Amino acid sequence: MPTNCAAAGCATTYNKHINISFHRFPLDPKRRKEWVRLVRRKNFVPGKHTFLCSKHFEASCFDLTGQTRRLKMDAVPTIFDFCTHIKSMKLKSRNLLKKNNSCTPTGPSNLKSSISSHQVLLEHSYAFRNPMEAKKRIIKLEKEIASLRRKMKTCLQKERRATRRWIKAACLVKNLETNNVLPKGTSEYIVPAALNSLALEDFKILEQDQQGKTLSVL
C-alpha cells in the first residue's frame, strides 16, 4: 500500500477517506524513463514501491469505465509545482548558510584573511586608507606634472633657438657662395643634402618664418 507521493514538493499521503489515487511507475523502460524525466528529481531511481498521486495527471489520463480509477497506457504526469519545491530548497540553503556563518571560528583563518587584506593595501600604491592621503598624493602628482611642463617648454625654446641659428648660418654661407666670397660647394659641408638644393631665397624665407613663430603655451 502506498504511503506518500514521490513527486518533489508534494506532501500528499495515502488516506482512504480522500479521493486521491496512487499509481506505480510503469514497467516499460521507455515510459518509465519519460516519467522519471518529467518528475525532475536529481539522481532519482524509482523502486517497486514508488508512486505518484493522481494530482499530477490530467483528467484525460484516467480510464473511468470500471469500478476503479486506472491510468491509460499512454498517460504521463504533467502537473507539478516545481516553484514551491525550489523555494523550499532555497529557504533550507539560506538557513544552513546562516547557521554556518554564526559558527564561523575567529581563529587563524580570520587572522590570515586580515593579513591578506593588509598586504593588498601595501602592494597597491593607489589603495589609500583615507581621503586626505589621496588628496596629498594628487597634489604631489600635480606638482610633478607642472615641473615636467616647464622642462618641456625650456627644451622646445632651446630647440627653436638652435634651429634659427642653424638656418641663419646656412643662409649666410649660401649668400657668400652667391657673391663668390666662398668657393662653390662649401654649403655641402654645412647644409644637409636634402636642403642643399634650395636656393638662397628659400633659405631667407625659412629664416623669416623662424623669427615670426611663437612658442605655444603648454
Side-chain angles (χ1 to χ4, degrees), residues 1-138 140-141:
M1 186 65 64
T3 56
N4 57 352
C5 180
C10 183
T12 304
T13 57
Y14 176 75
N15 189 333
K16 63 181 180 179
H17 300 293
I18 299 177
N19 188 24
I20 295 177
S21 57
F22 284 78
H23 307 274
R24 283 192 177 92
F25 278 69
L27 297 177
D28 179 66
K30 187 176 181 179
R31 291 187 61 217
R32 188 182 186 88
K33 185 177 181 180
E34 180 66 10
W35 280 37
V36 172
R37 185 186 69 82
L38 293 170
V39 169
R40 290 169 59 178
R41 285 182 56 181
K42 188 176 181 180
N43 300 325
F44 174 64
V45 180
K48 183 179 179 181
H49 301 288
T50 305
F51 297 84
L52 287 180
C53 70
S54 55
K55 288 182 178 181
H56 305 293
F57 298 89
E58 296 180 3
S60 59
C61 294
F62 296 98
D63 181 6
L64 305 177
T65 56
Q67 295 181 351
T68 59
R69 180 163 54 181
R70 296 189 302 271
L71 283 175
K72 295 180 180 180
M73 293 299 296
D74 58 347
V76 291
T78 56
I79 303 173
F80 295 98
D81 189 6
F82 293 113
C83 295
T84 303
H85 177 57
I86 293 172
K87 288 179 181 178
S88 62
M89 289 181 64
K90 287 184 178 179
L91 183 60
K92 290 180 181 178
S93 301
R94 194 178 303 166
N95 293 335
L96 182 61
L97 181 62
K98 288 181 179 179
K99 183 178 179 181
N100 291 337
N101 289 339
S102 63
C103 299
T104 302
T106 57
S109 59
N110 285 347
L111 179 61
K112 184 177 180 180
S113 177
S114 61
I115 293 175
S116 300
S117 301
H118 181 65
Q119 289 176 347
V120 169
L121 288 173
L122 293 178
E123 291 173 0
H124 296 79
S125 58
Y126 53 81
F128 301 108
R129 294 181 178 83
N130 54 69
M132 290 302 298
E133 186 178 351
K135 185 177 180 180
K136 290 179 181 178
R137 179 63 175 168
I138 291 173
K140 182 179 179 182
L141 291 174

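Since we're looking at a predicted model, the values are computed, not measured.
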| request: Carefully, step by step, assess T12 and I18 under the rule side chain to side chain contact (heavy atoms under 4.5 Å, CB included). | output: CA-CA 10 Å; T12 304; I18 299 177; over 6 Å; no
Do the side chain of [X] and the main chain of [Y] share a donor and acceptor less than 3.5 angstrom apart?
X: R32; Y: L27; answer: no
X: K72; Y: S60; answer: yes
X: R41; Y: A7; answer: no

Spatial distance of atom [atom1] ([X]) from atom [atom2] ([Y]) [nearest 0.5 Å]:
X: C10; Y: N4; atom1: SG; atom2: CG; answer: 8.5 Å
X: K135; Y: M132; atom1: NZ; atom2: CE; answer: 5.5 Å
X: I79; Y: K55; atom1: CD1; atom2: NZ; answer: 11.0 Å
X: L71; Y: S21; atom1: CG; atom2: OG; answer: 6.5 Å
X: M73; Y: D28; atom1: CE; atom2: CG; answer: 7.5 Å

| said: Can you confirm whether L141 is buried at CG, in the sense that more than 12 heavy atoms of other residues, nucleotides or ligands lie under 6.0 Å from that atom? | reply: yes
Which atom names give the shortest non-hydrogen contact between [X] and [Y], and what distance separates them?
X: R24; Y: H49; answer: NH2-ND1, 4.3 Å
X: I20; Y: C53; answer: CG2-CB, 3.9 Å
X: V36; Y: F44; answer: CG1-O, 3.8 Å
X: F22; Y: C5; answer: CE2-N, 3.8 Å

| request: Answer yes if the ring centres of W35 and F57 are under 6.0 angstrom apart, and no otherwise. | output: yes
| said: As a quick check of understanding, evaluate salt bridge (Lys or Arg N to Asp or Glu O under 4.0 Å) for R31 and E34, giving each step before the final call. | reply: CA-CA 5 Å; R31 291 187 61 217; E34 180 66 10; over 6 Å; no
| task | List the steps and the verdict of salt bridge (Lys or Arg N to Asp or Glu O under 4.0 Å) for R70 and D63. | result | CA-CA 5 Å; R70 296 189 302 271; D63 181 6; 3.6 Å; yes
| said: I'd like to know whether K140 forms a side chain to side chain contact (heavy atoms under 4.5 Å, CB included) with R137, so could you lay out the CA-CA distance, the side-chain angles of the two residues, the decisive distance to 0.1 Å, and finally the verdict. | reply: CA-CA 5 Å; K140 182 179 179 182; R137 179 63 175 168; 4.1 Å; yes
| Verdict with supporting geometry, H56 and V39, side chain to side chain contact (heavy atoms under 4.5 Å, CB included) | CA-CA 10 Å; H56 305 293; V39 169; over 6 Å; no
